[in-house]
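Notes follow the structure.
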Amino acid sequence: MVVLALGAWIGGRHSDWLPGPIRSALVGDGDTAVVQEAIDRVHDTYYRPIPKAELADDAISGVVAKLDDRFSNYFDPAEYKQFKQSQNSEFSGVGLQVAQHPKGLRVEAVYDGSPAKRAGLRAGDVIVAAGGRDLAGMPQQQSVGLIKGPPGTEVRLTWLRDGKRHTRTVARSTVTVPVVASQLRSDAGCKVGVVRLSQFSSGAHAELYAALSKLRKRGARAYVLDLRDNGGGLVSEARLVASAFLAKGPIVTTRGRAVKEQTLTATGKPIIPTAPLAVLVDGGTASASEIVTGALQDRGRAKVVGSETFGKGVFQEVLELSNGGALDITAGQYFTPKGRNLGGKGVATGKGIVPDVRVKDDPKTRKDEALLRAETVLGPTCPH
């Protein structure tokens with residue numbers, strides 16, 4: 001036991017003392033050992049001290065970066081905690097939905113009742129600095145990390161609007177992301193239930209089911225599923241959302257090198273099995289949103305209205321690590337019921353889903369041209 005303990009101590013902390021064959025047996029294969037050796041040498045030799053945990057984080061980040069796959073990420077322990085919070089529709093921050101912009105982060109949505117809303121931020125603003133740091137050229141994940149933080153703390157934000165700079169100090173708080181919004185509209189005597197889904201987070205399908213049931217009770221005879229700017233989320237939620245409109249049959253097939261090929265089918269009894277349906281999409285409709293849209297289009301259940309979707313034909317698998325972090329790694333490709341893969345070759349952005357009816361919103365008007373067109377499409381098929 002003493003020899004075993006001594007061997008483990010030497011192998012883990014001073015593997016460079018050991019002869020080659022013994023070192024390989026205790027530490028692992030040569031490729032793994034040289035990575036550990038490099039981390040040890042940098043830790044012991046570099047002119048300023050760097051914690052080994054930080055060096056390990058950087059090493060993992062470098063491996064993922066070399067994949068040249070913008071959909072794969074490494075989350076350190078703090079980032080992984082934030083990621084899990086976002087998947088549960090709750091996080092600590094200022095209440096924004098953002099997208100990458102050359103100058104920083106473009107605000108896509110501001111949640112009602114959030115600190116950002118009270119500070120005066122609007123959709124279309126471009127955040128150029130956070131906490132005194134310029135965001136231009138910074139990865140989106142890192143930029144968002146500067147804005148998020150514990151409830152009660154503050155962050156100073158600078159944003160551009162119509163060429164003018166605005167700066168405010170914003171207090172962070174716990175923000176619950178509204179996943180589903182619904183409304184009942186009338187077009188030429190047809191009551192249309194409109195449900196907007198913002199993301200496929202855990203439990204999103206339950207909120208969607210509840211909204212659809214309420215609209216049906218209020219007299220909706222046709223429906224619009226709005227997936228614009230919905231960047232996706234959980235594949236399991238995509239299956240359940242599509243099952244709200246489909247009875248049995250395939251929804252998506254997934255294939256990967258380390259995961260078995262499987263076809264996910266509709267499950268349970270659909271909430272809206274036959275009523276006329278349109279799906280609203282745009283360039284921000286991606287991943288799980290494209291899975292749902294592709295299934296509804298391929299199986300003839302809905303008319304797709306809007307502009308071409310993002311074109312993401314791969315899915316990621318989250319692999320938790322012993323340090324509390326996680327790898328979010330592209331594990332395979334997905335295919336619609338008719339065998340379409342939307343992402344082109346591998347992780348390259350593909351053509352996406354081509355709408356049955358093309359229409360774009362005019363940003364200069366207050367009208368929602370795409371929604372109005374969807375209602376027009378549903379009109380002739382709406383039962384009276």
Side-chain angles (χ1 to χ4, degrees), residues 86-91 95 97 108-114 123 175-187 190-247 251 266-282 284-297 299 301-306 309 368 370-375 377-379 381-383:
S86 69
Q87 293 301 301
N88 290 316
S89 304
E90 186 175 276
F91 63 91
Q97 180 182 330
E108 299 293 322
V110 182
Y111 302 129
D112 290 337
S114 67
V175 177
T176 300
V177 180
V179 175
V180 173
S182 62
Q183 60 176 310
L184 186 66
R185 296 166 62 94
S186 181
D187 181 75
C190 177
K191 288 187 176 181
V192 180
V194 181
V195 181
R196 180 175 178 83
L197 185 63
S198 64
Q199 60 178 313
F200 287 81
S201 54
S202 179
H205 75 281
E207 292 190 43
L208 177 80
Y209 289 8
L212 289 171
S213 296
K214 288 180 181 179
L215 289 168
R216 186 180 57 193
K217 289 178 181 178
R218 293 176 61 191
R221 307 303 296 270
Y223 297 85
V224 174
L225 176 61
D226 190 347
L227 296 179
R228 290 175 295 180
D229 290 319
N230 184 325
L234 303 174
V235 174
S236 58
E237 288 293 328
R239 177 192 190 188
L240 293 170
V241 166
S243 296
F245 307 100
L246 293 169
I251 290 173
T267 181
K269 186 178 180 180
I271 305 294
I272 309 297
T274 59
L277 175 67
V279 183
L280 279 178
V281 299
D282 62 9
T285 302
S287 192
S289 291
E290 292 177 296
I291 288 176
V292 171
T293 305
L296 295 174
Q297 186 184 53
R299 295 184 55 187
R301 179 64 187 87
K303 290 290 185 182
V304 178
V305 180
T309 62
D368 189 336
L371 178 56
L372 291 172
R373 186 64 182 277
E375 291 174 343
V377 169
L378 291 172
T381 60
C382 182

Val195, Leu215, Val192, Ile271 screened by side-chain contact (heavy atoms from CB on, under 4.5 Å) with Tyr223, the one that passes | Leu215
Residue from Thr309, Asp229, Asp226 passing side-chain contact (heavy atoms from CB on, under 4.5 Å) with Asp282 | Asp229
Would you be so kind as to tabulate the donor-acceptor pairs closer than 3.5 Å made by side chains of residues 230-241, with sequence neighbours excluded?
unit_1, atom_1, unit_2, atom_2, d
Asn230, OD1, Gly232, N, 2.9
Asn230, OD1, Ser289, OG, 3.0
Asn230, ND2, Leu197, O, 2.8
Glu237, OE1, Ala204, N, 3.3
Glu237, OE1, His205, N, 2.9
Glu237, OE1, His205, ND1, 2.9
Glu237, OE2, Gly203, N, 3.0
Glu237, OE2, His205, ND1, 3.3
Arg239, NE, Thr265, O, 2.7
Arg239, NH2, Thr265, O, 3.3

What's the spacing between Leu280 CG and Thr285 OG1 if we round to 0.5 Å?
-> 8.5 Å
Salt bridge Asp368-Arg228, side-chain N to carboxylate O under 4.0 Å | yes
Would you check if the side chain of Arg218 reaches a backbone N or O of Lys191 as a donor-acceptor pair within less than 3.5 Å?
-> no
What one should report as the nearest heavy-atom pair of Ala266 and Ser243 is CA-OG, 3.4 Å
Closest contact, heavy atoms only, Leu246 versus Ala295 = CD1-CB, 4.3 Å
Residue from Leu296, Ile272, Val224 passing side-chain contact (heavy atoms from CB on, under 4.5 Å) with Leu277 = Leu296
Straight-line distance of Cys382 SG to Glu375 CD, nearest 0.5 Å = 10.5 Å
Do Lys303 and Thr381 pass the side-chain contact (heavy atoms from CB on, under 4.5 Å) test, and can you show the C-alpha distance, the side-chain angles, and the key distance before you say yes or no?
-> CA-CA 11 Å; Lys303 290 290 185 182; Thr381 60; over 6 Å; no
Atom CG of Leu227 and atom CD of Glu290: how far apart are they, to the nearest 0.5 Å?
-> 10.0 Å
If you measure from CD on Glu207 to OG on Ser201, what distance do you get to the nearest 0.5 Å?
-> 7.0 Å
Residue of the set Thr274, Val292, Leu212 for which side-chain contact (heavy atoms from CB on, under 4.5 Å) holds with Phe245 = Leu212
Nearest non-hydrogen partners of Gly193 and Ala220, listed with the distance | N-CB, 3.9 Å
